[in-house]
There are 2 protein chains.
Amino acid sequence: MAQTAPARSTGNGRTGREAYDLSAVLNIAVAAFNDHGYEATSMGVLAQRLGTSKSAIYYHVSGKEDLLRLALDRALSELELVLTRDGATQGPADDRLRFVLRGAVDVLVKDLPYVTLLLRLRGNTEVERQALARRRDFDRAVAALVDEARADGTLRADIDARTTTRLLFGMINSIVEWYRPGGPITPERLADDVISVAFDGLATSR
Amino acid sequence: MAQTAPARSTGNGRTGREAYDLSAVLNIAVAAFNDHGYEATSMGVLAQRLGTSKSAIYYHVSGKEDLLRLALDRALSELELVLTRDGATQGPADDRLRFVLRGAVDVLVKDLPYVTLLLRLRGNTEVERQALARRRDFDRAVAALVDEARADGTLRADIDARTTTRLLFGMINSIVEWYRPGGPITPERLADDVISVAFDGLATSR
DNA sequence: TGTTCTACTTACTGGTCGTTCAGTAGACTA
DNA sequence: TAGTCTACTGAACGACCAGTAAGTAGAACA
């Protein structure tokens, strides 16, 4: 939503200078965190990328960890929202699973840098651990759908349910490492392909 | 191969103290890099984990980047070796693809921390960029097998070849994020499951 | 015109970073 | 016994780290 360039603020002091809002600061911070890793990204390079001074950032956020917390909350909120929609709560389990997977791909594409940051967490601080816990809850909800679909006989049961879920997420989450919006593949096509490969495999139809 | 604990060296000075060899230093460095990220891992915590001083590490390696280079070379050499074996060069394309994927899973499991480090690279230094280039060459070789199998009609051609390869690697590479050797799933079973899901999908057989 | 508010600025603090260097304990060799 | 080698130790280096303190330009409001 927000751009890389400073956003024009409504009640801005200083004439020639355009003010940054929180959203613009967050976007640039998340990009930098993804480039170098959160811990290795200094407030100094963040300020450089914003074209301001280090201390200017502290006007918008209380510190480096606050930036991380805000960014992760955005990614997690979007993912959790998918689970609350009708398609995720009504109908056969395998349809609900497909709906959630498609929703996850949509969120991945829409908030790519934010989800990328989330998926690269290692859990070294309290903020990271709390985000990982929320992510695990999301994973568990999908794992429950996998279990249901297995019980219904629509998903193969010869492979361990945990392994199934993890391979599924492995495939979906890898999207953040290579997909770039605006390329030849539309988000809709991407979601179709992911679901098709996941359910029917790569071998030619028998 | 080497352990976390100091290895007894042959021509060691100092009585009560056991010497570290390069392999032991590398193992601990790779573990630390995976925990915190390469850039964010200080030589100080490395020394702490080794139970020595910072400067002792410089006896074994020329610097922090040297540790990274050695670790990445190990992971890449193992992966590249798979492509040279008979199973990867002889027979139908889809069999060769299966052989390489199985080999990649084996390497992932055998050298898990080293491959984990490789898969988390962002390309911020020259060492990282060179390693990423070697990894891309490996990926390209597998992509060529995918192309061949598609031409043979053994792999579905309705999905873009690049996307196919990337989803395939996404699934396989995710293994480093959750698989831990010694658990309930044997490496052989893991490789079977991965290949089965990749080729036949998760839906019950039609 | 004077006050208040926003959105910064420059200058700084104590601490940590990767790396270097000079020195040395103990085993081995001549 | 003297000299050489391995495998370190501890102190120090300048650069950079996250965060703070104090000041201020300009717009809005009274």
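So that the names make sense, note that chain A is the first sequence line, chain B the second, and so on, each numbered from 1.
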note: B:Leu46, atom CG; C:dG18, atom C1'; distance rounded to Å ~ 12 Å

Any side-chain heavy-atom pair of A:Phe33 and A:Tyr114 under 4.5 Å: no

Any B:Tyr59 side-chain nitrogen or oxygen under 4.0 Å from OP1 or OP2 of D:dA7: yes

Nearest-Å distance for atom pair CD1/C1', residues B:Ile57 and D:dG10: 15 Å

Is a donor on one side and an acceptor on the other found under 3.5 Å between the side chain of B:Ser196 and the backbone of B:Asp192? no

Using atom CD of A:Glu39 as one end and atom P of C:dG18 as the other, report the distance to the nearest whole Å. 12 Å

To the nearest angstrom, the OH-P distance between A:Tyr58 and D:dA18 comes to 6 Å

Separation of B:Gln48 atom CD from C:dG18 atom P, in whole Å? 12 Å

Over all strands shown, is A:Ser62 touching base, sugar-phosphate only, or nothing at heavy-atom distances under 4.0 angstrom? nothing

Using a heavy-atom cut-off of under 4.0 Å over every strand shown, decide if B:Ser53 touches base, sugar-phosphate, or nothing. base

From CG of A:Leu22 across to P of C:dT6 the rounded distance in Å is 15 Å

Would you kindly give the NZ-to-P distance between A:Lys54 and C:dT13, to the nearest whole Å? 13 Å

Quick check for you: to the nearest 0.5 Å, what is the distance between B:Arg74 atom CZ and B:Asn27 atom CG? 6.0 Å

Please confirm whether the shortest side-chain N or O distance from A:His60 to OP1 or OP2 of C:dT6 is below 4.0 Å. no

Do A:Leu112 and A:Pro181 have side chains that get closer than 4.5 Å, going by heavy atoms? yes

Is the phosphate of C:dT9 approached by A:Ser55 (side-chain N or O, under 4.0 Å from OP1 or OP2)? no

Here the distance between atom P of D:dA18 and atom CG of A:Leu68, to the nearest Å, is 13 Å

